[in-house]
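Working notes, beginning with the structure itself.
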2 protein chains.
Amino acid sequence: MISVLIADDHTILRHGLVSLLSKDENIRVVAEAADGVEAIKKALELKPTVIVIDISMPEMNGMEAVKRLHEQLPEAKVLVLTMHEEQEYVIHMVRAGASGYLLKDSASDELIDAVKALAEGKTYFSQYAASVLATQYNKPAESWQDPYKNLTNREREVFHLIIEGKTTKEIARSLDISVKTAENHRGKVLDKLDVANAAELVRYAAKHHLLM
Amino acid sequence: MISVLIADDHTILRHGLVSLLSKDENIRVVAEAADGVEAIKKALELKPTVIVIDISMPEMNGMEAVKRLHEQLPEAKVLVLTMHEEQEYVIHMVRAGASGYLLKDSASDELIDAVKALAEGKTYFSQYAASVLATQYNKPAESWQDPYKNLTNREREVFHLIIEGKTTKEIARSLDISVKTAENHRGKVLDKLDVANAAELVRYAAKHHLLM
DNA sequence: ATCCTTCTAGGGGTTTATCCTGATTCTTTA
DNA sequence: TAAAGAATCAGGATAAACCCCTAGAAGGAT
């Protein structure tokens with residue numbers, strides 16, 4: 001019997017998942033959680049075989065929750081269920097200790113397959129996630145990282161000011177540096193993140209959840 | 001017997017919803033759709049009593065789908081299922097012809113209640129959506145409107161090209177108009193949405209979920 | 001018929017952004 | 001210690017963005 005903990009902040013969807021998994025006689029959903037904190041609490045208490053977790057939850061973000069679950073309960077297998085197709089997500093989750101990664105728009109049979117695979121100590125990655133991981137192995141250790149990480153501290157400051165709609169002159173005043181220097185930082189930021197203008201930079205920020 | 005069409009691009013979640021609704025003996029899910037276009041096609045073909053639709057779908061955005069469903073199949077009741085709590089969404093959906101609005105994180109019993117209410121010709125709004133609507137009735141008719149709505153068709157086209165990072169020259173080429181005209185449109189868009197530059201415009205788009 | 005809006009286009013201007021190069025100072029790293 | 005990176009500033013250039021303005025053509029509304 002595979003005991004499963006389901007963590008998803010959306011009640012209806014969570015119940016939908018419970019309903020789906022309960023159809024399989026080898027799976028028993030022993031608990032539900034609406035946020036990361038609750039998920040960890042119940043996981044430590046009930047020690048489920050598999051934890052199905054939606055990474056877009058409030059209170060504690062999914063990545064943090066996965067990391068803590070893996071630290072505090074390494075024998076439990078974490079299956080990340082998400083709607084995010086971004087490469088960063090897959091990699092970050094694997095680094096955090098996830099044993100499986102499933103997109104919400106994959107087939108529903110896959111969910112049951114994934115839970116069973118994890119219960120057997122295997123891993124399970126959706127086609128997409130698997131290909132992302134495969135690709136990443138062929139890259140040097142740093143380059144897969146979010147290009148944002150390659151920004152220097154100063155550049156990161158400038159980055160945030162740009163995406164707030166500030167002009168170079170305003171940035172210079174705000175950081176108490178010359179306009180020319182601010183201009184240089186701006187140029188490097190655009191260059192490093194491979195965007196052509198401020199509009200694209202804000203898009204980049206939105207895509208990578210860096211918009212405050 | 002209430003026939004229901006479920007439209008949601010996330011397969012697992014969609015099946016979860018089917019599973020949930022199928023538990024009630026008075027409800028029969030007659031079809032599923034993974035996008036707006038498919039939803040309309042199947043709705044016209046099967047003429048379900050209630051259409052449960054997730055408004056964050058690809059191909060055709062939810063609002064457009066709701067609008068068309070209401071136009072082409074006015075006897076079908078549309079229940080909007082969403083994770084968006086934004087006020088704009090509720091109002092836009094009601095204007096588009098939705099008879100119900102339910103947040104994904106509401107209780108799962110509510111879904112069945114909502115479907116039944118709509119089948120009886122009633123409306124159903126989650127606590128939150130209802131309060132939003134109530135609040136809006138106390139406001140002047142124009143002020144609640146998304147300034148985006150005040151853009152002309154042409155301006156809206158330009159708006160979307162700007163937030164894609166296109167320059168004025170590229171926009172002009174793309175729309176086959178002079179650079180000066182594109183520049184004028186651009187100016188009006190910034191002015192109407194009360195932003196100072198393209199970066200702020202993209203922020204605006206992100207905030208109002210207009211970023212594709 | 002007249003008014004209003006939209007779309008179109010242009011003139012002419014200032015400000016900002018983008019893109020080079022080169023250089024100094026300081027810190028960190030090999 | 002030498003090399004590399006980070007932060008600073010500047011000159012010089014082109015392109016783009018932004019901000020005024022006027023104005024004609026087309027269409028709908030009153």
Side-chain angles (χ1 to χ4, degrees), chain A residues 140-207 210-211, chain B residues 71 140-143 145-207 210-211:
Chain A
E142 296 81 38
S143 76
W144 59 265
Q145 284 197 35
D146 190 337
Y148 171 76
K149 302 263 179 189
N150 291 330
L151 297 183
T152 66
N153 290 333
R154 203 50 154 175
E155 285 161 359
R156 210 167 287 128
E157 287 184 89
V158 173
F159 169 87
H160 285 290
L161 292 169
I162 299 172
I163 66 177
E164 278 171 22
K166 294 240 167 76
T167 66
T168 306
K169 199 188 287 181
E170 290 169 332
I171 292 170
R173 201 173 336 121
S174 169
L175 296 179
D176 198 29
I177 55 178
S178 83
V179 174
K180 270 300 183 180
T181 304
E183 205 174 278
N184 277 333
H185 288 316
R186 187 186 191 105
K188 287 202 169 186
V189 169
L190 295 190
D191 188 46
K192 286 190 178 179
L193 301 186
D194 193 30
V195 294
N197 51 46
E200 282 189 25
L201 190 73
V202 180
R203 284 183 74 85
Y204 175 95
K207 185 178 172 187
L210 296 167
L211 227 47
Chain B
E71 284 169 4
E142 298 82 37
S143 73
Q145 281 199 36
D146 189 338
Y148 171 76
K149 291 279 175 187
N150 290 330
L151 298 183
T152 65
N153 290 333
R154 203 50 154 172
E155 285 160 357
R156 209 166 289 129
E157 286 185 89
V158 173
F159 169 87
H160 286 290
L161 292 170
I162 298 172
I163 65 177
E164 278 171 21
K166 294 242 168 75
T167 66
T168 307
K169 199 188 288 180
E170 290 169 333
I171 293 170
R173 201 171 338 119
S174 169
L175 297 179
D176 198 29
I177 56 180
S178 83
V179 174
K180 269 300 185 181
T181 304
E183 205 174 279
N184 278 332
H185 289 316
R186 187 185 190 107
K188 287 201 169 183
V189 169
L190 295 189
D191 189 46
K192 285 189 179 180
L193 300 187
D194 193 30
V195 293
N197 50 47
E200 283 190 26
L201 191 73
V202 180
R203 282 183 75 85
Y204 175 94
K207 185 177 173 186
L210 297 166
L211 226 48

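Per chain, numbering begins at 1; letters A, B, ... match sequence-line order.
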Query raised in the report: Nucleotide range of DNA chain D contacted by chain A, 5' to 3', under 4.0 Å to a heavy atom?
Result: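 Extent of the interface on DNA chain D: D/dA6 to D/dG12.
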Report task. Answer yes or no: is there a side-chain heavy-atom contact under 4.5 Å between A/K192 and A/T152? Result ->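 In short, these two side chains touch, coming nearer than 4.5 Å.
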Query raised in the report: Please, which pairs that meet salt bridge (charged side-chain N to carboxylate O under 4.0 Å, His left out) have at least one residue in residues 176-186 of chain B, sequence neighbours excluded?
Result: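 Pairs touching residues 176-186 of chain B that pass the test: B/K180-B/E183.
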Query - Sorted by number, the residues of residues 169-184 of chain A with heavy-atom contact under 4.0 Å to DNA chain D - result: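 By residue number: A/I177, A/S178, A/K180, A/T181, A/E183, A/N184.
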First locate atom [atom1] of [X], then atom [atom2] of [Y], and finally report the distance between them rounded to the nearest 0.5 Å.
X: A/L161; Y: A/L175; atom1: CG; atom2: CG; value: 5.5 Å
X: A/R203; Y: A/L201; atom1: CZ; atom2: CG; value: 12.0 Å
X: B/I162; Y: A/N197; atom1: CD1; atom2: CG; value: 11.0 Å

Query - Partners passing side chain to side chain contact (heavy atoms under 4.5 Å, CB included) against A/K188 (at least two apart in sequence or in another chain) - result: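 Side chain to side chain contact (heavy atoms under 4.5 Å, CB included) list for A/K188, sorted by chain: A/E155.
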Query - Listed partners of B/E200 passing salt bridge (charged side-chain N to carboxylate O under 4.0 Å, His left out), at least two apart - result: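 Residues passing salt bridge (charged side-chain N to carboxylate O under 4.0 Å, His left out) with B/E200: none at all.
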**Report entry** Distance between P atoms of C/dC19 and D/dC18 (Å, rounded)
**Finding:**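 C/dC19 and D/dC18 have their P atoms separated by 16 Å.
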Report task. State whether B/H185 places a side-chain N or O below 4.0 Å from either non-bridging phosphate oxygen (OP1 or OP2) of C/dT6. Result ->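 It does not, given that no N or O in the side chain of B/H185 lies less than 4.0 Å from OP1 or OP2 of C/dT6.
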**Report entry** Dot-bracket encoding of pairs in DNA chain D, which uses [ ] for pseudoknotted crossings and | for another strand, Watson-Crick or G-U under 3.5 angstrom
**Finding:** |||||||||||||||||.||||||||||||
